[in-house]
There are 2 protein chains.
Amino acid sequence: MPDKKDCCCNSKNHKMEKFLEASLLLLLKRQCAHGYGLIEQLELLGFSSEDMNVSTLYRTLRKMEEKGQVKSYWKAGGGGPKKRVYDITDQGLKDLEEWRKIFEYRKERIETFLEMYEKQCEYEEVL
Amino acid sequence: MPDKKDCCCNSKNHKMEKFLEASLLLLLKRQCAHGYGLIEQLELLGFSSEDMNVSTLYRTLRKMEEKGQVKSYWKAGGGGPKKRVYDITDQGLKDLEEWRKIFEYRKERIETFLEMYEKQCEYEEVL
DNA sequence: GCAACTATGTGTAGCATGCATATAGTTTGC
DNA sequence: GCAAACTATATGCATGCTACACATAGTTGC
């Protein structure tokens, strides 16, 4: 990851549109979980606990429920305050598959960008 | 590119944060150009002329000039109305290099996502 | 009893983008 | 000579994602 200090582009520019939503769908496909517990798991997908924005996480989950991608229920016991546990729905599984396609496409475009950049640098070196 | 029809995620979700800005910097590193002329060149980086949002393009270029990434001057002649031609600046070149790093990073994260998705699907098939 | 931790939520603002619309000079066809 | 099409640039408004700050409340440890 590029150093955020001395970077023209501040940390806000590192965000990737909707990557959080898609990541949550993927984690919930593996197993149901509650918001706070998902923070740890998100590290598997490159989100750092320090930078992790908890309010965004909760808001995203509620929006995903509005859209019918996940459903939630309250669960008490097991230590600590009660948790709102999320399950993925059929709609969520379909949407996750769409995200997979979108990310394949984004990856290709990024690769095209990187290749053009490299070629241009090589070309300039020859001059 | 995934089919936009029948997609849970509408076309708006295909956009990639700041990809246009970075693409413009890359194209202007190759050679100076005016806004309208950049539309064609953007196809090299996966932007389709039909979908291309011209207003966003012009607004982005003006913002980039405010940030000192590019500078512009008016050029008459050569047929058609006069053009505002953009040149990349030293700041723009530095920022482009930062974008390269950011996109390498984004690519890695997308790859992590895709790998986890595939593994999960394989795992479920075995069951 | 109080601090630290777990857990969930809202209010507000910034910022990138899309859609619609405005403006105006240039070229082409009749 | 004039209308239509094309080239070219720009702004107003709405939407949507994210960040930052703040609010709330139950649980555990000392």
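Below, chain A is the first sequence line, B the second, and so on; all start at residue 1. No hydrogens, no waters, no symmetry mates; every other heavy atom, side chains included, goes into these values.
- Computed from coordinates, the B/Phe47 CZ to C/dA16 C1' distance equals 13 Å when rounded to whole Å.
- The side chain to side chain donor-acceptor pair (under 3.5 Å) test with A/Tyr117 singles out one residue from B/Arg100, B/Lys29, B/Glu97, and that residue is B/Glu97.
- The interatomic distance linking B/Phe19 (CZ) with C/dG18 (C1') rounds to 18 Å, in whole Å.
- Within the 4.5 Å cutoff, no side-chain heavy atoms of B/Gln91 are placed close to those of B/Leu96.
- Across the protein-nucleic acid pair, B/Lys82 atom NZ and C/dT23 atom C1' stand 13 Å apart, rounded to whole Å.
- Atom-to-atom, CE of A/Met64 to P of C/dG9 comes out at 14 Å; the value is rounded to the nearest Å.
- If you measure from atom NZ of A/Lys83 to atom C1' of D/dA25, you get 14 Å, rounded to the nearest angstrom.
- Nucleic acid contact for B/Arg59: base, since at least one base atom lies under 4.0 Å from a heavy atom of the residue.
- Checking C/dG9, D/dA10, C/dT17 against the side-chain heavy atoms of B/Thr60 singles out C/dT17 as nearest.
- A salt bridge links A/Glu21 with A/Lys18; the closest basic N to acidic carboxylate O contact falls under 4.0 Å.
- B/Trp74 is not listed as a side-chain neighbour of B/Lys83, based on a closest heavy-atom distance of 4.5 Å or more.
- Rounding to whole angstrom units, CD of residue A/Glu21 and P of D/dG16 are separated by 13 Å.
- In this structure, OH of A/Tyr58 is placed 5 Å from C1' of C/dT8, rounded to the nearest angstrom.
- Taking 4.0 angstrom as the limit, B/Thr56 places a side-chain polar atom (N or O) nearer than this to OP1 or OP2 of C/dG18.
- On a pure distance criterion of 3.5 Å, a polar donor-acceptor pair joins the side chain of B/Ser55 and the base of C/dA20.
- Within the 4.5 Å cutoff, no side-chain heavy atoms of A/Lys75 are placed close to those of A/His34.
- Mapping A/Pro81 and A/Lys63 onto DNA chain D via the closest heavy atom, the residue that lands nearer the 5' end is A/Lys63.
- The environment of B/Lys67 atom NZ is dense: over 12 non-hydrogen atoms of other residues, nucleotides or ligands sit within 6.0 angstrom.
- Rounded to a whole Å, the CD atom of A/Glu66 is 11 Å from the P atom of D/dG16.
- A heavy atom closer than 4.0 Å to some atom of DNA chain C occurs in no member of residues 22-42 of chain B.
- The residues B/Glu98 and B/Lys101 are annotated as salt-bridged, a charged nitrogen and a carboxylate oxygen being separated by less than 4.0 angstrom.
- Among D/dA8, C/dA16, D/dA19, the nucleotide with an atom closest to any side-chain atom of B/Lys18 is C/dA16.
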